[in-house]
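Just so we're clear, the structure is a prediction, and the values are computed from it rather than from any experiment. All residue numbers in this chain count up from 1 along the given sequence.
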Amino acid sequence: MKKLTKLMLLMTVLATPVAFGAAHDHDKKADAPAAKEYKYKTPKLNRAQLDALLAKPEQLLIIDVRRPDELTKIGGFPVYLSIQSKEIENSLAFIPKDRDIVTVSNHAGRAGAAADLLAAKGFKVVGAVGAQNYEEEGGKLARIEIPAPKPATEQK
C-alpha cells in the first residue's frame, strides 16, 4: 500500500507542471477583460448614427453623465449638458422635453441607464453613446484644456 501511495504521489508531482504548462500559452498575451454587455432598452448609437444626429444641432440635446475628471481626461462633444448619472433624477426639471436626447458616458453603460430613466419619465431619448467607442470608430472628441495656474505676483 505504501508503494502505491508513493507512486500516486510521484505521478501527481510529475504531471502537475505538464498540466499547468498545457493550460498556459506563453506566446499569447493576456486577453483584455471582455467589455460589459449593453443591456438597456435605449439603442446604443455608433459613430455614423451620432454624426447624423449632430448634423441637426437645433433638434438635439447631448447629456453627458460622466464626472468632470473624465470629461477633461477623455474628451467629449463640443456642446452638452453635464449631469452626473447619480443626479439625473434630481435634474429632470432642467432638461428640455422638446429635443431629441442622446446620453453619453465612456462606453455607454451609464449613458444607457440614464437614457432608460429619461425615456421612462417621458423624454424623447434617441440613443446612448460611449465617447471612447465614438473615438475608436474615428470620431473626433473635443478636449478641454485646463489652463496652467498663473504665477503668483509679489505684493508690495
Heavy-atom nearest pair, Q49 first then K44, reads OE1-O, 3.8 Å
Notebook entry, point to check: Is there a donor-acceptor contact under 3.5 Å from the side chain of S91 to the main chain of F94?
Noted result: no
Quiz prompt | Worked verdict on E89 versus L117 for side-chain contact (heavy atoms from CB on, under 4.5 Å) | solution = CA-CA 8 Å; E89 197 151 11; L117 174 83; 4.0 Å; yes
Smallest heavy-atom separation, G75 atom then A131 atom, equals O-CB, 4.3 Å
d(Y40 OH, T103 OG1) to nearest 0.5 Å is 10.0 Å
Side-chain heavy atoms under 4.5 angstrom apart, residues restricted to Ile, Leu, Val, Met, Phe, Trp, Tyr: same cluster for V126 and L50? yes
Side chain to side chain contact (heavy atoms under 4.5 Å, CB included) test vs I83 passes for just one of V65, L92, I95, namely I95
Quick note, ring-ring contact (aromatic ring centres under 6.0 Å, His included) partners involving residues 110-139, not counting sequence neighbours, are F77-Y134
CZ (R66) and CG (L71) are apart, to the nearest 0.5 Å, by 4.5 Å
Hits for side-chain hydrogen bond (donor to acceptor under 3.5 Å, both in side chains) against T42, two or more places apart or cross-chain, chain-then-number order -> D116
Rounding to 0.5 Å, atoms CG (N106) and CZ (R67) come to a distance of 8.0 Å
- Give a yes or no on whether a salt bridge exists between R143 and E135, defined as a side-chain N under 4.0 angstrom from a carboxylate O. yes
key: Within-4.5 Å side-chain heavy-atom neighbours: L54 and I62   = yes
### Query
Could you go step by step and tell me if L60 and I101 meet the side-chain contact (heavy atoms from CB on, under 4.5 Å) rule?
CA-CA 6 Å; L60 186 65; I101 295 175; over 6 Å; no
Side chains of L61 and D100, heavy atoms from C-beta outward: is any pair under 4.5 Å? no
When rounded to the nearest 0.5 Å, the distance separating CD of Q132 from CD1 of I74 is 4.0 Å
Charged N-O contact under 4.0 Å between K73 and D69
no
Smallest heavy-atom separation, G112 atom then A128 atom, equals N-CB, 3.7 Å
- Query: Can you find a heavy atom in the side chain of L45 that is under 4.5 Å from one in the side chain of L53?
  - Reply: yes
Under 6.0 Å from the NZ atom of K124, do we count more than 12 heavy atoms belonging to anything else shown? yes
Which is it for R47 and E136 under the side-chain contact (heavy atoms from CB on, under 4.5 Å) test, yes or no, and what are the steps along the way? CA-CA 9 Å; R47 177 188 170 204; E136 288 167 1; over 6 Å; no
Compare all side-chain heavy atoms of E70 with those of D64 and state whether any distance is below 4.5 angstrom.
no
message: What verdict does the side-chain contact (heavy atoms from CB on, under 4.5 Å) test give for I63 and I88, after you've listed the backbone C-alpha separation in whole Å, the side-chain angles of each residue and the deciding distance to 0.1 Å?
response: CA-CA 10 Å; I63 299 178; I88 288 285; 4.1 Å; yes
